[in-house]
Amino acid sequence: MTTATYEARALGVHSGMPAMKAARLAPDAVLLPVSFELYRRHSRLFKDALRTISPHIQDIGIDEVYADITLLDGASHAIAQRLKAVVFEATGLTCSVGIAPNKLLAKLSSDMQKPDGITVLDMADLPSRIWPLPARRINGIGPKAAARLESLGISTIGELAARDKVWLMEQFGRSHGSWLHDAAHGRDERPVLTHSEPVSMSRETTFERNLHSVRDRTELGGIFTRLCEQLAADLRRKGYAGRTIGIKLRFDDFRTVTRDLTLHEVVADATAIRQAAGLCLKRVDLRRALRLIGVRVSALERAGAPVSAQAQQSALDFD
DNA sequence: TCTGGGGTCCTAGGACCC
DNA sequence: TCTGGGGTCCTAGGACCC
């Protein structure tokens, strides 16, 4: 399942669930085909619409943004209503808006009144409205961290906030522990970034049936080459080239391995990617059947960057 | 009952350099 | 005669997000 309506969610269906399990939970549900083309179009429409009100927008995904509305006129609630109105006008879709002093709390707020909700929050609301929530609701605390916290007797954000920062740093490491403490106290200084450069691009596919490197050699080779071609097309379309080529394999036992190789020069064409990826593949024990392969390019550079921008090389060494 | 695809960031060890 | 203290880059894996 890619997603589910709120009616289906009430029956326990959620994204990532196998179709047969969803069918058992919601036997009367209507299964619709996915159309990422359609979603991308609406994504563009809703982001463009938002920009007419607040140009300072950070793209998070296909259906999510942060907006810095510090300098906008009007009360928070009225701004939220305007944002929702332009989105509905452009797409016919409802959305939920959270307004808070920082991104961490805004994200938390936006989840509090779904669907079609508005939540306005300030620091004073922390003890009454945030602290009772499960720690897992913090963006960045996933299943593993939540389980770890649970084993330490911490279920809610409030219980996390009550713990000593130094103790958290001992349990979770300096950086993560300190972040957990700050997050539980609603502290977050990250700015709203309106532009970011991609770090990597990849293509991967899960097979209809598991494939074996020897028995299904031809089929596997064809899929591998096609992924490289698609990746090369993505790079070309977006205007990037990369120096590190990597592969990802998932075996029939769900174990995942990656291998990568950094080249001397950036590449963007399918042949070069395929060749480097082939070298990576040779470094993996392929006795088990595969369920997924993927190809990735990282260490990206803008392709066709102006040559004049290249610095003059010189060396200086102290005597 | 098997578990998608496309990303980001972090950690940690080893190679290598000054 | 194995001995310091920084630093960067490369590689592999893992947590997490939409």
Side-chain angles (χ1 to χ4, degrees), chain A residues 1-4 12-25 33-34 36 39-40 42-43 46-47 58-66 95-96 103-104 107-108 110-111 114 135-149 172-180 183 190 193 196-210 223 227 230-231 234-235 238 240 242-264 276 279-280 283-285 289 291-300 315-319:
Chain A
M1 295 296 110
T2 302
T3 187
V13 179
H14 56 79
S15 66
M17 180 175 282
M20 287 312 291
K21 186 173 177 187
R24 270 196 309 280
L25 291 170
V34 293
F36 275 95
Y39 312 150
R40 269 193 293 271
H42 279 71
S43 181
F46 106 80
K47 286 168 191 172
Q58 177 173 0
D59 237 296
I60 295 299
I62 199 157
D63 70 341
E64 205 170 293
V65 298
Y66 288 110
C95 61
S96 293
K103 294 206 290 189
L104 180 93
K107 168 70 174 164
L108 221 35
S110 72
D111 279 330
K114 274 176 169 294
R136 176 76 175 82
R137 292 278 290 277
I138 289 176
N139 195 249
I141 297 182
K144 300 284 180 178
R148 229 0 253 301
L149 288 168
F172 291 89
R174 265 186 95 73
S175 160
H176 198 216
S178 149
W179 174 80
L180 284 170
R190 294 170 302 162
L193 298 172
S196 70
E197 280 296 310
V199 172
S200 68
M201 292 183 198
S202 65
R203 284 280 185 154
E204 65 185 55
T205 188
T206 299
F207 314 131
E208 301 267 325
R209 59 180 180 91
N210 294 343
I223 294 168
L227 288 172
Q230 289 170 340
L231 187 52
D234 294 341
L235 287 164
K238 295 174 182 162
Y240 287 89
R243 211 160 60 83
T244 302
I245 310 298
I247 60 164
K248 168 172 156 183
L249 304 174
R250 181 123 71 209
F251 296 101
D252 55 4
D253 61 358
F254 227 70
R255 201 165 44 87
T256 304
V257 303
T258 63
R259 293 291 179 271
D260 60 46
L261 175 64
T262 299
L263 307 169
H264 290 293
L279 291 173
C280 292
R283 310 207 308 256
V284 186
D285 182 341
R291 73 186 332 272
L292 168 151
I293 57 172
V295 183
R296 193 168 65 101
V297 178
S298 54
L300 297 180
L316 185 152
D317 194 3
F318 285 98
D319 303 319

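In what follows, chains carry the letters A, B, and so on, assigned in the order in which the sequence lines appear, proteins first and then strands, with residues in each chain numbered from 1.
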Looking only at the side chain of A/S175 (C-beta and beyond, no hydrogens), which of the listed nucleotides C/dG13, B/dG6, B/dT11 gets closest? B/dT11
How is A/T205 classified with respect to the nucleic acid when contacts are heavy atoms under 4.0 Å: base, sugar-phosphate, or nothing? sugar-phosphate
Comparing A/T256 with A/R243, nearest DNA chain C nucleotide closer to 5' gives the residue A/R243
Verify the contact: side-chain N or O of A/S15 to OP1 or OP2 of C/dC18, cut-off strictly under 4.0 Å; return yes or no. no
Looking at every strand, decide which applies to A/R174 at a 4.0 Å heavy-atom threshold: base, sugar-phosphate, or nothing. nothing
Nearest-Å distance for atom pair CG/P, residues A/N210 and B/dG4: 11 Å
For atom CZ of A/R190, decide whether the heavy atoms of other residues, nucleotides or ligands shown that lie under 6.0 angstrom number more than 12. yes
Nearest whole angstrom, please: distance from the C1' of C/dC17 to the CZ of A/R137. 16 Å
N/O (side chain, A/R136) to phosphate O (OP1/OP2, C/dC17) under 4.0 Å: yes
Classify A/R283 by what it touches in the nucleic acid, base, sugar-phosphate, or nothing, heavy-atom distance under 4.0 Å. sugar-phosphate
Nucleotide of B/dT8, C/dT11, B/dG7 approaching A/V199 most closely (side-chain heavy atoms): B/dT8
Looking for any heavy atom pair under 4.0 Å, which part of the strands does A/K144 touch: base, sugar-phosphate only, or nothing? sugar-phosphate
What does A/R259 touch in the nucleic acid at a heavy-atom separation under 4.0 angstrom: a base, only the sugar-phosphate, or nothing? sugar-phosphate
When the ring planes of A/F172 and A/H176 are compared, do they come out parallel, tilted or perpendicular, using 30° and 60° as the limits? perpendicular
Taking only the side-chain nitrogens and oxygens of A/S200, find out if one of them lies under 4.0 Å from OP1 or OP2 of B/dG6. no
Rounded distance (Å) that lies between atom P of C/dC16 and atom CG of A/L104: 15 Å
Quick one: do the A/S15 and A/T3 side chains pair a donor with an acceptor below 3.5 Å? no
Check every strand shown and say whether A/K107 touches a base, only sugar-phosphate, or nothing at a heavy-atom separation below 4.0 Å. sugar-phosphate
Atom-to-atom span, CZ of A/R209 to P of B/dC2 - whole angstrom: 17 Å
A/M1 or A/R24: which one's nearest nucleotide on DNA chain B is closer to the 5' end? A/R24
Can you tell me how far C1' in B/dC16 sits from the matching atom in C/dG4, rounded to whole Å? 16 Å
How long is the line joining CD1 of A/I293 and C1' of B/dG4, in whole Å? 15 Å
Go through A/I138 and A/L104 one step at a time and tell me if the side-chain contact (heavy atoms from CB on, under 4.5 Å) criterion holds. CA-CA 8 Å; A/I138 289 176; A/L104 180 93; 4.0 Å; yes
Only pairs with both distances under 3.5 Å count, Watson-Crick or wobble alike; so what is the partner of B/dG5 in this structure? C/dC18
Testing B/dG5, B/dT3, C/dG13 for proximity to the side chain of A/T258, the answer is C/dG13
Roughly how many Å is it from CH2 in A/W179 to C1' in B/dT8, rounded to a whole number? 14 Å
Can you figure out which of B/dG4, C/dC16, C/dG13 approaches the side chain of A/A145 most closely? C/dC16
Counting only heavy atoms not in A/E208 (residues, nucleotides, ligands), do more than 12 fall under 6.0 Å from its CD? no
Side chain of A/D63 - closest among C/dC10, C/dA12, C/dC18: C/dC18
Would you indicate, yes or no, if B/dT3 has its OP1 or OP2 atom less than 4.0 angstrom from a side-chain nitrogen or oxygen of A/R291? yes
NA contact type, A/M17, heavy-atom cut-off 4.0 Å: base, sugar-phosphate, or nothing? nothing
Classify A/L263 by what it touches in the nucleic acid, base, sugar-phosphate, or nothing, heavy-atom distance under 4.0 Å. nothing
Are A/R203 and B/dG5 close enough that a side-chain N or O sits under 4.0 Å from OP1 or OP2? no
Does A/T206 offer a backbone N or O that forms a donor-acceptor pair with the side chain of A/R291 under 3.5 Å? no
Mapping A/L292 and A/P198 onto DNA chain B by nearest heavy atom, which one lands closer to the 5' end? A/L292
Pi stacking test for A/F254 and B/dC2: under 5.5 Å apart, planes under 30°: no
If you define the side chain from C-beta out and look only at heavy atoms, does anything of A/L300 sit under 4.5 Å from A/L235? yes
Between A/R137 and A/D111, does any side-chain N to carboxylate O distance fall below 4.0 Å? no
Is the distance from OP1 or OP2 of B/dG7 to the nearest side-chain N or O of A/S202 less than 4.0 Å? yes
Euclidean distance, atom CG of residue A/L235 to atom C1' of B/dG6 [Å, nearest integer]: 14 Å
So what does A/R148 touch, heavy atoms closer than 4.0 Å: a base, only the sugar-phosphate, or nothing? nothing
Among the candidates B/dT11, C/dA12, B/dG4, find the nucleotide nearest to the side-chain atoms of A/R250. B/dG4
Starting at atom NZ of A/K103, determine the distance to atom C1' of C/dC17, rounded to an integer number of angstrom. 13 Å
